[in-house]
Structure formats: structure tokens, C-alpha cells
Amino acid sequence: MSELTHRGRIVRATMRTKASGGRVWDAWANPDYLAQWFPDRAEGEAEVGRTMTWKFDRFDMEVNHKVLFAEKGERLVLGPESPASPIMVEITIEEVPGETVVRVTNSGLNDDSGHRDEIAGIESGWQMTLGVLKYYVENHFGETRKSFFAIREADFEYENLAPFYSDGFKLAQWLTNEGAVINGKPSVRLVLRDGRTISGAVLTETPREIALSWEEINGVIELKAISLDDGRRAVCIRGCGWGLSTEEARVIESSMDGALGRLVAALGN
């Protein structure tokens, strides 16, 4: 069908998980489950002709997707409400021996020179998203989360920012008292300036962002880089804990906001 043909710039991301295909499908298609790992809130069922809404409250953003195709447990295709837009998101789920393969194809993106930064951000974003999805469906499926979020506008180049998210010396300038994210080593232990410890594993690492599991809060933390309007950029920390209390999430959020203030200052030196 012509309306299901991918056009324009295409971004793809793939993830493999031990979780069943049915569980992965529910994580995408059921708004109650979807809101526990991806958007802050979700509405709408995965039925052709219906609208699925993803609400990212911290970004003050609402995304409405028209369901173009839905084959339970296997394939979900989402398009814009306006037929004039070519943007489309396709999620395929394939069970193979011993694991489930999840693929996201995001097409219809603008690839002219003024949007290259945005495209790279979308590529990184989908990789980060699938890393969190894998952790959720394997460890905390169906549980309720509490989230924390901090963002600061900053002036940086992505290649200069990346070491601040992994190198021990750079991390110590803004976030940690001890620890580093070592390339090729899956386990992580970071002692934060606020006294907390992050013990976990690298879920996803891209050229500009990194996602870690955080055992102490039964959750995840994402160190992100975001493109804003008019060429502006921001550093961001986003995370959650399944079983974390509202008060604990608030305390972590305050601490992370202070850490980002130090990061912005370090990037300016």
C-alpha cells in the first residue's frame, strides 16, 4: 500500500531481548504499559484508524500518531494525523530462537543540511529508547515508575560533550566523586557527589548520549544531548525508578539539576 511506503530520510534502530514478542508488543501497544517506560503519558489503542497519543510532559510535547497498520505481536505502523506529512514510524517484532528482535524504522525526515543535527539526534534517541525498552521488558514490565528530569541549555560540540558522560576525569568535574564508564566494559559503578551510588550496566552508548541501568533505584538514567530550536543545544538527565517514591524522585531530580549546572560551567571552560 502506498501509504505504508517509507519516504525521505530513514532512521533505523534494532534491539534484541530475551523477553517474549507478546510482552514487547504490549509495551508498545498498550498505553498503560507504554507510559511506564517511554512517554510520560499515553492514550489510544493500537487499532487501525485510531489515534495513539504520546505525551512528553517535561518537554511540553504531545505527539499524535494515526495507526496505519497493526498486526498484534508483529508489526505496528504509525503515521501523522495530517496526510500531507510523510513522517512514519514502523515497529516490527520478530521472535527468533532464544530471543525477540525489535526494529524501529522512522522515515519521512528532512535530510537537508539544516537538519543534519536533528537527524543525528533522532538516530541517537531511538537507540536510547530501545535500550530502555529492553531493560523494562526484561526486568520491570508492568511496574509503575516515578521519573526525574533535568535540562540546561549549553554551548557545546557533541564530540566534546561525549567524554563528560564517560571519562572518569571529566565525570568528576560535574557528577561523580569516583568511577567511569569504560568502553567495552558492561558493568558500571559511579559514586555521585550527593553520596548516591549508581551500580549497573551500559544499556546504550551512542556518539552523543549514554543510558545506564541503576540498580539502587531499580531504574535507569540517561545522560542526553538535545537539539533545540534555532541551533541551540541542551544537556539533559532523564531517568526513572520502578518502585521509586515521588519524594525520592524529587530529591534525585534536584541533585541532577545541580549537576547539570556544573556541567554547563565545565563545558564553558
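The first residue of the sequence shown is numbered 1, and numbering continues consecutively from there.
By the 6.0 Å contact criterion, NZ on K224 is enclosed, its count of non-hydrogen atoms from other residues, nucleotides or ligands being greater than 12. Within a 6.0 Å radius of CG in N160, more than 12 heavy atoms belonging to other residues, nucleotides or ligands are found.
Rounded to the nearest 0.5 Å, atoms CH2 (W242) and CD1 (I217) are 8.5 Å apart. Put simply, CD on E253 and CZ on F149 are 8.5 Å apart, with the number rounded to the nearest 0.5 Å. The CG atom of L171 lies 4.5 Å from the OG1 atom of T176; values are rounded to the nearest 0.5 Å. Interatomic distance, CG of L133 versus CE of M128, reported as 13.5 Å (0.5 Å rounding). With rounding to the nearest 0.5 Å, the separation of CZ in R7 from CG in L109 is 13.5 Å. Atom CZ in R75 sits 15.0 Å away from atom CH2 in W28 (nearest 0.5 Å).
Annotation: side chain of V67 is in contact with side chain of L76 (closest heavy-atom distance under 4.5 Å). By the 4.5 Å heavy-atom criterion applied to side chains, I252 and R250 are not counted as neighbours. Looking at L267 and N269, their side chains never come closer than 4.5 Å, going by heavy atoms from C-beta outward. Side-chain contact between R189 and I198 is absent, with no heavy-atom pair separated by less than 4.5 Å. Contact check for L260 versus W174: side-chain heavy atoms found under the 4.5 Å cut-off. Side-chain contact between P39 and K55: absent, with no pair of heavy atoms (C-beta onward) separated by less than 4.5 Å. Side-chain atoms of R152 and D257, non-hydrogen and from C-beta on, do get closer than 4.5 Å to each other. Within the 4.5 Å cutoff, no side-chain heavy atoms of W25 are placed close to those of T100.
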Residue pair E99, T17: steps toward the side-chain hydrogen bond (donor to acceptor under 3.5 Å, both in side chains) verdict: CA-CA 6 Å; E99 62 184 1; T17 176; over 6 Å; no
Criterion salt bridge (charged side-chain N to carboxylate O under 4.0 Å, His left out) on E123 and R12, from CA distance to verdict: CA-CA 7 Å; E123 290 176 334; R12 294 182 172 89; over 6 Å; no
Evaluation steps, side-chain hydrogen bond (donor to acceptor under 3.5 Å, both in side chains), between T53 and N64: CA-CA 4 Å; T53 300; N64 294 305; 2.7 Å; yes
Trace of the salt bridge (charged side-chain N to carboxylate O under 4.0 Å, His left out) decision for E62 with R41: CA-CA 9 Å; E62 180 177 303; R41 292 177 291 143; 5.9 Å; no
Trace of the side-chain contact (heavy atoms from CB on, under 4.5 Å) decision for I91 with V89: CA-CA 7 Å; I91 299 127; V89 176; 4.2 Å; yes
Salt bridge (charged side-chain N to carboxylate O under 4.0 Å, His left out) assessment of E153 paired with R232: CA-CA 7 Å; E153 190 170 337; R232 296 175 298 124; 3.0 Å; yes
Criterion side-chain contact (heavy atoms from CB on, under 4.5 Å) on D40 and R58, from CA distance to verdict: CA-CA 8 Å; D40 296 299; R58 303 302 189 98; 4.3 Å; yes
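Contact detail for T204 and G131: the closest heavy-atom pair is OG1-CA, 3.2 Å. In plain terms, the two heavy atoms of A249 and S147 that are nearest each other are CB-O, 3.6 Å. Closest of all the heavy-atom pairs between A42 and P31 is O-CB, 3.5 Å. Listed here is the closest heavy atom pair of V137 and A27: CG1-CB, 3.9 Å. When all heavy atoms are compared, the tightest approach of P207 to A162 is O-CB, 3.5 Å. The two atoms that bring I151 and A234 nearest to each other are CG1-CB, 3.8 Å, heavy atoms only.
Here R208 does not pair with E159 in a salt bridge; the nearest charged N to carboxylate O distance is not below 4.0 Å. Ion pair K146/E248 not flagged as a salt bridge, since none of the NZ, NE, NH1 or NH2 atoms sits closer than 4.0 Å to an Asp/Glu carboxylate oxygen.
Note: the hydrophobic cluster containing L212 does not contain W126 (ILVMFWY, side chain heavy atoms under 4.5 Å, direct or indirect links). L190 and L161 fall within a single hydrophobic cluster, where Ile, Leu, Val, Met, Phe, Trp and Tyr are joined by side-chain heavy atoms under 4.5 Å apart, directly or via other members. Using a 4.5 Å cut-off between side-chain heavy atoms of Ile, Leu, Val, Met, Phe, Trp and Tyr, with links allowed through other members, I237 and F56 fall into different hydrophobic clusters. Hydrophobic clustering, with ILVMFWY side chains joined whenever heavy atoms are under 4.5 angstrom apart, groups F59 together with V220. A chain of hydrophobic side-chain contacts below 4.5 Å, direct or via other Ile, Leu, Val, Met, Phe, Trp or Tyr residues, connects L78 to L130.
If you check the side chains of E95 and S20, you find no donor sitting under 3.5 Å from an acceptor. For the residue pair S227 and D117, a side-chain donor N or O sits within less than 3.5 Å of a side-chain acceptor on the partner. Defined by atom type and a distance below 3.5 Å, a donor-acceptor pair is missing between the side-chain atoms of Y158 and T206.
Between the R50 side chain and the E47 main chain, no donor and acceptor come within less than 3.5 Å of each other. A side-chain donor-acceptor contact under 3.5 Å links T129 to the backbone of G125. Judged by distance alone, the side chain of E209 and the main-chain N or O of L223 form no donor-acceptor pair under 3.5 Å. A donor-acceptor contact shorter than 3.5 Å links the side chain of R193 to the backbone of Q173. With hydrogens and angles ignored, the 3.5 Å screen pairs a side-chain donor or acceptor of K134 with a backbone N or O of R16. Between the side chain of N106 and the backbone N or O of M88 there is at least one donor-acceptor pair closer than 3.5 Å. N177 places no side-chain N or O within 3.5 Å of a backbone atom of V191 that could act as its donor or acceptor partner. Looking only at distances, no side-chain donor or acceptor of E90 sits under 3.5 Å from a matching main-chain atom of V104. In terms of modelled atom types and a separation under 3.5 Å, the side chain of Y136 and the main chain of G142 share a donor-acceptor contact. A donor-acceptor pair under 3.5 Å is formed between the side chain of R145 and the backbone N or O of A35.
V96 forms part of a hydrophobic cluster together with V101, judged by ILVMFWY side-chain heavy-atom separations under 4.5 Å.
Under a cutoff of 6.0 Å and an axis angle of 45°, R238 and F148 do not form a cation-pi pair.
W54 is linked by a ring pair (Phe, Tyr, Trp, His ring centres under 6.0 Å) to F38, H65, counting only residues two or more places apart in sequence or in another chain.
The salt bridge (charged side-chain N to carboxylate O under 4.0 Å, His left out) pairs that include a residue from residues 65-74 number zero, where partners must be two or more places apart or lie in different chains.
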